[in-house]
Amino acid sequence: MVISTQRENDLQNTIDLYLSIYKDKKKGRLDDFVEYAGFYHITNEKASEIIEKTTVTDNMKALCVLAGGDQAFNFINAGVKNIDTFDINRLTEYYALGFKKRAVECLSYAEFIKLFSYNQGLYIRSHNHLQPEIEKYVIENMEEEYKWFWQELFYALIQEEFDPSIFHLSIFTGPKDITKNNYAKDEETYKNFQKLLREAKITFNQSSITELPEKFGIYDLVYLSNILDYPRDFYGDKENPLYSALELLNRIYEQNLNVSGEIIMTYLTGSFIPSLYKNQYYKNNFEEIILNTEREHAYRLLKK
């Protein structure tokens, strides 16, 4: 097996990230929206609810943020067979497509639920309900380049006298229930999803959301999560980041969306979605997806 320079760089940067968090106590580095950072081990979005209220067809081509993989997996379980993913964080590929995807493929439902019942303690990075034997089994059954990455990472960290886990690199979100995802709600659904996942085509392209218009093609569905709630994170200290985010949305809308397609964005506490309602065009073309929650809302932007 030939390991690319990019894979080697990813390994070294991940070693440095882990050591900076657990050796140098720079725990905030996990939460950055950068090329090497922590990942969500389970989505904190109501992705399953949103997708249930979205028209999905098996010939649909979708683009979505990769994050911890749940958004893409929920779409696949709903019938999407062709999905491209992006994320600014390179570790999402190793976690979602390397680890979690293979966990689905090689574990029973009971083992999968047990493995992903991991959670972090409130305010401190205590790691609860880790399953090292199941985790090791999944790593041993990964595709070779992902297996190489995690085994080499663990070897390097053991030399530093750590007892590492993949979940040590996850972002704190408190206890989460993976069965809230439509693909893991029960054993029968999970077994069917294993088959759907093997048949689906998933790609990953490390990209900031600002690069979508140039790097990606045209889609029937674009799922942006709530990335646009944080324009300062991808535009830095640029003056008036909300206006810049609106310009970006315009470009994605015009360049990446099919005539009959739609963009879906979630809204928690950011100011971007409210700013759109000041624009009459978007106000007239926005449709709210009502969720069973007080905090979170989702919106679909319909193509003309």
Side-chain angles (χ1 to χ4, degrees), residues 10 14 17-18 21 29-51 62-78 80 83-105 107 112-120 125 127-131 134-135 138-139 142 146 149-150 153 165-185 190 193 197 200 202-207 209 223-227 229-230 233 264-266 268 296 298:
D10 292 346
T14 307
L17 174 65
Y18 190 102
I21 296 163
R29 284 199 61 192
L30 271 180
D31 304 326
D32 293 338
F33 296 111
V34 292
E35 191 172 359
Y36 298 97
F39 43 75
Y40 292 95
H41 84 284
I42 299 174
T43 183
N44 61 352
E45 296 182 315
K46 305 293 183 182
S48 181
E49 285 186 45
I50 294 167
I51 291 167
L63 172 68
C64 80
V65 62
L66 182 57
D70 289 329
Q71 290 90 338
F73 292 174
N74 281 313
F75 276 119
I76 290 168
N77 189 64
V80 177
I83 187 162
D84 293 335
T85 67
F86 72 94
D87 205 293
I88 194 171
N89 181 2
R90 290 188 182 276
L91 295 195
T92 59
E93 178 193 3
Y94 294 96
Y95 174 71
L97 301 185
F99 178 64
K100 187 184 278 187
K101 179 175 179 289
R102 185 46 52 96
V104 172
E105 292 168 340
L107 296 180
F112 182 81
I113 298 302
K114 188 175 182 180
L115 178 62
F116 288 94
S117 292
Y118 160 83
N119 69 77
Q120 292 182 13
R125 297 198 182 280
H127 304 282
N128 305 317
H129 310 297
L130 290 170
Q131 303 295 330
I134 301 178
E135 187 175 330
V138 175
I139 293 172
M142 284 182 185
Y146 296 135
F149 175 85
W150 289 114
L153 175 66
S165 166
I166 288 175
F167 293 105
H168 288 174
L169 291 166
S170 66
I171 297 173
F172 167 75
T173 56
K176 293 291 179 183
D177 183 0
I178 200 164
T179 65
K180 297 296 185 183
N181 289 291
N182 63 23
Y183 69 87
K185 63 183 181 180
Y190 176 81
F193 175 63
L197 188 59
I202 314 174
T203 69
F204 173 74
N205 189 321
Q206 187 272 333
S207 306
I209 190 173
Y223 189 92
L224 298 180
S225 184
N226 67 327
I227 301 173
D229 272 350
Y230 305 95
D233 288 307
I264 296 179
M265 293 172 281
T266 56
L268 293 172
E296 185 177 4

Indicate yes or no: at least one non-hydrogen side-chain atom of [X] is less than 4.5 angstrom from one of [Y].
| X | Y | result |
| --- | --- | --- |
| L197 | I202 | yes |
| F193 | N182 | no |
| L91 | L17 | yes |
| N89 | Y40 | no |
| I139 | I166 | yes |
| Y118 | Q131 | no |

Can you tell me how far apart [atom1] ([X]) and [atom2] ([Y]) are? Round to the nearest 0.5 Å.
| X | Y | atom1 | atom2 | result |
| --- | --- | --- | --- | --- |
| I113 | T179 | CD1 | OG1 | 6.0 Å |
| T85 | L63 | OG1 | CG | 8.0 Å |
| I42 | D177 | CD1 | CG | 7.5 Å |
| I51 | N74 | CD1 | CG | 4.5 Å |

Review point. Got a sec, which pairs hit salt bridge (charged side-chain N to carboxylate O under 4.0 Å, His left out) with one end in residues 39-51, sequence neighbours left out?
Key: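 Of all non-adjacent pairs touching residues 39-51, none passes salt bridge (charged side-chain N to carboxylate O under 4.0 Å, His left out).
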Check your understanding: Do F99 and F149 have ring centres separated by under 6.0 Å?
Key ->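 Here the rings of F149 and F99 have centres that are no less than 6.0 Å from each other.
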Check your understanding: Quick one: are the ring centres of F116 and F167 less than 6.0 Å apart?
Key ->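 Ring-ring flag for F116/F167: true, centres closer than 6.0 Å.
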The criterion is side chain to side chain donor-acceptor pair (under 3.5 Å); which residues satisfy it with [X], sequence neighbours excluded?
| X | value |
| --- | --- |
| S165 | E135 |
| S48 | none |
| N205 | S207 |

Return the minimal non-hydrogen interatomic distance between [X] and [Y], and the atom names on each side.
| X | Y | result |
| --- | --- | --- |
| Y95 | G68 | CE2-O, 3.7 Å |
| S225 | V65 | CB-CG1, 3.7 Å |
| S170 | L30 | O-CD1, 3.6 Å |

Using ring pair (Phe, Tyr, Trp, His ring centres under 6.0 Å) as the criterion, list what pairs up with [X], not counting sequence neighbours.
| X | result |
| --- | --- |
| Y146 | Y94 |
| Y223 | F75 |
| F86 | none |

Practice item. Kindly indicate, with the supporting measurements, whether the criterion side-chain contact (heavy atoms from CB on, under 4.5 Å) is fulfilled by Y183 and I178. Key: CA-CA 9 Å; Y183 69 87; I178 200 164; 3.7 Å; yes
Review point. Can you check side-chain contact (heavy atoms from CB on, under 4.5 Å) on L66 and L97, steps first, answer last?
Key: CA-CA 9 Å; L66 182 57; L97 301 185; 4.2 Å; yes
Looking at residues at least two apart in the chain, or sitting in another chain, which of them share a side chain to side chain contact (heavy atoms under 4.5 Å, CB included) with [X]?
| X | value |
| --- | --- |
| Y230 | N226, D233 |
| A67 | Q71, D87 |
| Q206 | E35, I88, R90, F204 |
| A200 | I76 |

**Study point:** salt bridge (Lys or Arg N to Asp or Glu O under 4.0 Å) partners for E105, two or more places apart
**Key:**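 Here the qualifying residues are K101, R102.
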**Study point:** Full working for side-chain contact (heavy atoms from CB on, under 4.5 Å) between K100 and D70
**Key:** CA-CA 9 Å; K100 187 184 278 187; D70 289 329; 3.0 Å; yes
